[in-house]
Undergrad: 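Mind looking over this structure? Questions follow.
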Amino acid sequence: MASRLLWASRAASYLRISVSHRGFASVIKDLKYAESHEWVKVDGNTATVGITDHAQDHLGDVVYVELPEVGATVNQGSGFGAVESVKATSDVYSPVSGNVVEVNEELSSSPGLVNSSPYEKGWIMKVEIKDASELETLKNSDDYAKFCEEEDAKH
C-alpha cells in the first residue's frame, strides 16, 4: 500500500495535481499525552495507558505487544514494553510512575487492537498512580496535537 501511495504522489506531482494525504490522527480531549506518544486516562488513582493513534499510524500494522508484568513498578519516562509492527519495533514508555495493576491480555492474541482501537480496546496497562503531580508534566489534547503537527512537519 505504501508503494501505491508513493506512486500516486509521484504521479500527481508529475501531473501537477494535489493528492490529499490522511489527515492528522485523532486526539481525545480528556486524556493526557506524553511526547513519546503514549496516552493516559485517569480514573481516580488509576491510569490506563496506551499508545496514541498518531503512534500506531506511524508504526503500521501491529503484530506483537510486549506487556509488563502485573505487580511491576514503572517509572515515568522509563520503558515498560514494546510494540512490534510490520515496519519496526518501538519501545513504550510509562507516562506515570506506579505499580501495574492490570494488563490488557487481549493484546496477546489480538495485537491489532492497538491499530483499530488505540484509545479503547487497544489499551496496554493500568497503573496505580504513585505521584499524581506527574500528570501535570503531560500534554493536554491541544498541546499534543500541536506537538505532533510540528514533529510531522520536520519529517
Undergrad: Between Asp91 and Ala82 (side chain of the first, backbone of the second, donor and acceptor by atom type, cut-off under 3.5 Å), is there such a pair?
TA: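 Not at all, since once roles are kept as given, no pair shorter than 3.5 Å links the two residues.
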Undergrad: Would you call the rings of Tyr144 and His37 parallel, tilted or perpendicular if under 30° counts as parallel and over 60° as perpendicular?
TA: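 Rings of Tyr144 and His37: perpendicular, over 60°.
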Undergrad: With a cut-off of under 6.0 Å to the ring centre and 45° to the axis, is Lys126 in cation-pi contact with Trp123?
TA: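 Verdict for Trp123: a cation-pi partner in Lys126.
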Undergrad: I want to check something: taking the side chain as every heavy atom from C-beta on, are Tyr33 and Ile28 in contact at a cut-off of under 4.5 Å?
TA: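 Contact flag for Tyr33/Ile28 side chains = yes.
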Undergrad: Considering only heavy atoms from C-beta outward, does the side chain of Lys41 approach that of Asp30 to under 4.5 Å?
TA: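 A side-chain contact is absent here, since even the closest heavy-atom pair is not under 4.5 Å.
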Undergrad: Is the backbone N or O of Asp143 less than 3.5 Å from a side-chain atom of Asn140, with the two atoms forming a donor-acceptor pair by type?
TA: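 Yes: the side chain of Asn140 pairs with the backbone of Asp143.
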Undergrad: If we count only N and O atoms by modelled type, under 3.5 Å, do the side chains of Asn99 and Thr73 hold a donor and an acceptor together?
TA: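 Present: a donor and an acceptor within the cut-off.
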Undergrad: Got a salt bridge between Lys139 and Glu35, using NZ or NE/NH1/NH2 to carboxylate O under 4.0 Å?
TA: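 Yes, Lys139 and Glu35 are salt-bridged.
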Undergrad: With side chains defined as the heavy atoms from C-beta onward, is the minimum distance between Val83 and Val92 less than 4.5 Å?
TA: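 A side-chain contact exists here, since the closest heavy-atom pair is under 4.5 Å.
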Undergrad: I'd like to know if Val49 and Val27 are part of one continuous hydrophobic network [Ile/Leu/Val/Met/Phe/Trp/Tyr, side-chain heavy atoms within less than 4.5 Å].
TA: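 No, it is not one cluster - the side chains of Val27 and Val49 are not joined through contacts under 4.5 Å.
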Undergrad: Could you walk me through whether Ser85 and Asp61 pass side-chain hydrogen bond (donor to acceptor under 3.5 Å, both in side chains), step by step?
TA: CA-CA 5 Å; Ser85 73; Asp61 294 336; over 6 Å; no
Undergrad: Please report the closest heavy-atom contact between Val114 and Gly122, naming both atoms and the distance.
TA: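 Closest approach of Val114 to Gly122, heavy atoms only: CG2-O, 3.8 Å.
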Undergrad: Less than 4.5 Å apart, side chain to side chain, heavy atoms only: is that true for Trp39 and Ile51?
TA: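 No, every pair of side-chain atoms sits at 4.5 Å or beyond.
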Undergrad: Hey, does Leu107 have a side-chain heavy atom less than 4.5 Å from the side chain of Tyr64?
TA: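 No; the side chains remain at least 4.5 Å from each other.
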Undergrad: Would a hydrophobic clustering, with Ile, Leu, Val, Met, Phe, Trp and Tyr connected at side-chain separations under 4.5 Å, put Val42 with Met125?
TA: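 Shared cluster, yes.
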